[in-house]
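Here the structure is laid out as structure tokens; the discussion comes afterwards.
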There are 2 protein chains.
Amino acid sequence: MSKTAATPVKLTHIQCGDCPIRHRAVCARCDDDELASLEETKYYRSFEAGQTIVWSGDRMDFVGSVVTGIATLTQTMEDGRRQMVGLLLPSDFVGRPGRDTAAYDVVATTDLVMCCFRKKPFEEMMVSTPHVGQRLLEMTLDELDAAREWMLLLGRKTAREKIASLIAIIARRDASLKMADSGGSVVVDLPLTREAMSEYLGLTLETVSRQISALRKDGIIVIEGKRHITIPDFERLLEEAGDDSDGGFLV
Amino acid sequence: MSKTAATPVKLTHIQCGDCPIRHRAVCARCDDDELASLEETKYYRSFEAGQTIVWSGDRMDFVGSVVTGIATLTQTMEDGRRQMVGLLLPSDFVGRPGRDTAAYDVVATTDLVMCCFRKKPFEEMMVSTPHVGQRLLEMTLDELDAAREWMLLLGRKTAREKIASLIAIIARRDASLKMADSGGSVVVDLPLTREAMSEYLGLTLETVSRQISALRKDGIIVIEGKRHITIPDFERLLEEAGDDSDGGFLV
DNA sequence: CGGTCACTTGACTTACCTCAATGTTTGTGG
DNA sequence: CCACAAACATTGAGGTAAGTCAAGTGACCG
């Protein structure tokens with residue numbers, strides 16, 4: 001998506017200095033020397049929309065960062081019930097140092113590019129370049145906070161509030177990437193199918209569909225096509241989400 | 001509250017070497033030199049059952065580890081709906097380096113002793129003694145896994161499965177502390193009121209009560225008093241919890 | 001002995017789920 | 001370029017798990 005070309009996306013040779021996630025990813029705190037050593041060991045992998053990156057329980061001998069695209073982490077029960085437990089946007093980290101099998105299914109929901117490291121070298125790097133470990137701790141703490149926010153949503157919010165919250169979360173997250181305006185109306189493209197949303201929210205896809213329709217009828221959101229949403233009044237959406245409406249635009 | 005007094009527990013002067021959470025807490029990886037420096041800055045605080053340790057949004061200028069007792073992290077919505085987002089047992093860490101207000105209510109559900117550090121010195125220690133940061137990362141990753149397990153529970157499990165899961169989780173966690181036998185029947189004392197359980201599970205307290213009664217009637221658990229539970233067949237409980245029954249006794 | 005707290009149980013309501021039909025968009029091959 | 005299928009989405013009708021409201025029990029404590 002970044003350089004030249006039609007669909008190709010030849011991301012194989014990005015310099016860390018030009019990387020779009022340079023200042024948010026696990027490498028954010030690295031200095032030039034440290035970057036140079038990352039540059040040597042990193043490699044890129046691409047996945048197509050819908051492709052499963054790893055299956056829960058499978059051996060996973062790499063870790064990495066999402067560079068472009070979106071992926072999900074999902075847990076499945078024996079009888080097939082599924083719950084999404086992570087939504088990975090550009091700069092988010094995949095994999096756990098010190099563990100060698102995946103705990104969740106990791107699925108690319110859009111075309112996806114990851115910047116990867118084999119696990120062993122990465123673990124050594126965590127020791128040798130403390131900035132990586134420090135940044136990873138920071139990111140993990142942020143993810144834990146997000147997970148706890150999500151627990152409130154799953155445990156206590158109504159279907160309508162869940163939908164409103166999801167739209168607000170996605171709007172906020174890609175505002176923080178694109179640094180969009182906060183005044184006036186906000187525009188979002190949902191990167192998820194109704195089914196994926198239902199797995200995120202602990203609902204059925206029918207309930208998701210109904211509640212989106214309801215929010216549309218009530219003028220909270222305006223929909224074009226299936227996935228393109230305009231939010232005329234973001235504060236109003238936040239009220240519907242049941243969140244403390246105070247907070248700044250970014251978390 | 002801490003020193004002298006009725007129920008005593010005089011924990012004011014524990015040596016790190018004698019500390020019951022020495023090998024599981026944030027200090028687990030520290031060598032003798034590092035411990036010595038912790039010894040200088042640490043201090044103990046005690047709280048009574050029911051006491052709120054910090055309120056969400058309040059300034060929090062310390063971090064610490066639970067030494068004995070149990071605490072909870074809870075989020076509250078404007079209209080009073082509450083969701084527990086963390087259950088803190090001995091060795092668990094409280095507080096977030098690099099943030100100065102609490103994100104959740106922290107409440108002692110039993111009498112509680114914490115080993116504390118003022119935030120500033122602790123943050124400096126994270127830089128100077130890498131073992132602390134490394135261990136904290138490891139613990140945070142574990143907590144994130146636990147949170148994701150919890151998300152599955154909140155989003156997809158039935159009330160009955162939620163109760164069975166909670167009992168299983170508590171049984172496992174204090175088995176891992178006490179290193180109890182795994183053969184035959186397991187005994188647990190629930191450290192939570194029905195209301196606290198309902199906040200954990202995203203249910204009402206009436207539903208919690210009904211489902212506990214149902215599990216009792218079906219012989220999955222045996223109850224003495226209100227909180228003392230015997231589990232005649234742990235595998236059977238795990239089936240009721242909807243978990244893959246395979247796994248070893250500890251996570 | 002009265003009051004509070006933690007819990008249980010019952011009767012009724014409702015938000016969300018399930019099952020089913022239908023609509024819309026997109027891509028594919030004749 | 002159209003026909004057809006496949007994937008995604010919407011909507012309706014009816015069922016059910018869990019919530020709400022309310023009454024009542026038992027233990028503990030001043």
Side-chain angles (χ1 to χ4, degrees), chain A residues 7 48-51 77 79-83 107 109-111 153-167 189-218 221-229 240 242, chain B residues 6 48-51 77 79-83 107 109-110 153-167 189-218 221 223-229 240 242:
Chain A
T7 353
E48 285 173 23
Q51 212 181 336
M77 292 173 67
D79 61 4
R81 280 175 282 174
R82 289 168 64 80
Q83 175 64 51
V107 180
T109 62
T110 64
D111 287 346
L153 178 150
L154 290 172
R156 292 302 182 196
K157 290 191 175 178
T158 64
R160 184 184 176 95
E161 289 169 334
K162 286 178 174 181
I163 297 289
S165 299
L166 175 60
I167 297 172
D189 279 291
L190 296 177
L192 302 172
T193 63
R194 299 290 185 266
E195 184 176 31
M197 291 186 230
S198 74
E199 288 178 4
Y200 188 124
L201 301 171
L203 297 171
T204 58
L205 73 87
E206 293 94 330
T207 298
V208 168
S209 187
R210 274 187 255 272
Q211 295 299 332
I212 289 181
S213 297
L215 288 176
R216 178 171 49 68
K217 277 175 197 136
D218 296 346
I221 58 176
V222 178
I223 306 185
E224 242 175 301
K226 306 281 177 196
R227 308 277 191 87
H228 188 81
I229 292 187
E240 293 291 345
Chain B
E48 286 174 20
Q51 213 181 336
M77 292 174 67
D79 61 4
R81 280 175 281 174
R82 290 167 64 79
Q83 175 64 50
V107 180
T109 61
T110 64
L153 177 150
L154 289 171
R156 293 302 182 195
K157 289 191 176 180
T158 64
R160 184 183 176 96
E161 289 169 334
K162 286 178 174 182
I163 297 289
S165 299
L166 175 59
I167 296 172
D189 279 290
L190 295 177
L192 301 172
T193 64
R194 299 290 186 264
E195 185 176 29
M197 291 186 231
S198 74
E199 288 178 5
Y200 187 123
L201 300 172
L203 298 171
T204 59
L205 73 87
E206 294 93 331
T207 299
V208 169
S209 187
R210 274 188 254 272
Q211 295 298 333
I212 289 180
S213 297
L215 289 175
R216 178 173 48 68
K217 277 175 197 137
D218 296 347
I221 56 176
I223 306 185
E224 241 175 304
K226 307 281 180 197
R227 308 277 192 87
H228 188 81
I229 292 187
E240 293 291 344

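Below, chain A is the first sequence line, B the second, and so on; all start at residue 1. No hydrogens, no waters, no symmetry mates; every other heavy atom, side chains included, goes into these values.
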Between A/Glu195 and A/Arg82, is there a salt bridge with N-O shorter than 4.0 Å? no
Please report the distance, rounded to the nearest Å, between CZ in B/Arg81 and C1' in D/dG19. 13 Å
Take the protein atom CZ of A/Arg156 and the nucleotide atom P of D/dA18, then report the distance between them rounded to whole Å. 13 Å
Can you measure A/Leu190 atom CG to D/dT10 atom P for me and round it to whole angstrom units? 10 Å
Take atom CZ of A/Arg160 and atom P of C/dT14, then tell me their distance rounded to the nearest Å. 18 Å
Please check this pair: side chain of B/Gln83 against backbone of A/Leu153, looking for a donor-acceptor N/O pair closer than 3.5 Å. no
Atom-to-atom span, CD of B/Gln211 to C1' of D/dG19 - whole angstrom: 13 Å
Just N and O in the side chain of B/Thr207: are any of them under 4.0 Å from OP1 or OP2 of D/dA18? no
Every protein N/O within reach of nucleotides 6-8 of chain C N/O, cut-off under 3.5 Å:
from	atom 1	to	atom 2	distance (Å)
C/dC7	OP1	B/Arg227	NE	2.8
C/dC7	OP2	B/Arg194	N	2.7
C/dT8	OP1	B/Arg194	NH2	3.2
C/dT8	OP2	B/Arg194	NE	2.7
C/dT8	OP2	B/Ser209	OG	2.6
C/dT8	O5'	B/Ser209	OG	3.1

If you measure from the Lys or Arg side-chain nitrogens to the Asp or Glu carboxylate oxygens, is any gap between B/Asp218 and B/Arg160 under 4.0 Å? yes
Could you give me the CA-CA distance, side-chain angles and deciding distance for B/Ile212 and B/Val208, then say whether side chain to side chain contact (heavy atoms under 4.5 Å, CB included) is met? CA-CA 6 Å; B/Ile212 289 180; B/Val208 169; 3.9 Å; yes
Considering only NZ, NE, NH1 and NH2 on the basic side and carboxylate oxygens on the acidic side, decide whether B/Glu199 and B/Arg194 come within less than 4.0 Å. no
Report the C-alpha distance between A/Arg227 and A/Thr193 in whole Å, list the side-chain angles of each, state the deciding distance to 0.1 Å, and finish with yes or no for side chain to side chain contact (heavy atoms under 4.5 Å, CB included). CA-CA 8 Å; A/Arg227 308 277 191 87; A/Thr193 63; 3.2 Å; yes
NA contact type, B/Gly202, heavy-atom cut-off 4.0 Å: base, sugar-phosphate, or nothing? sugar-phosphate
Between A/Leu203 (CG) and D/dA9 (C1'), how many Å, whole number? 16 Å
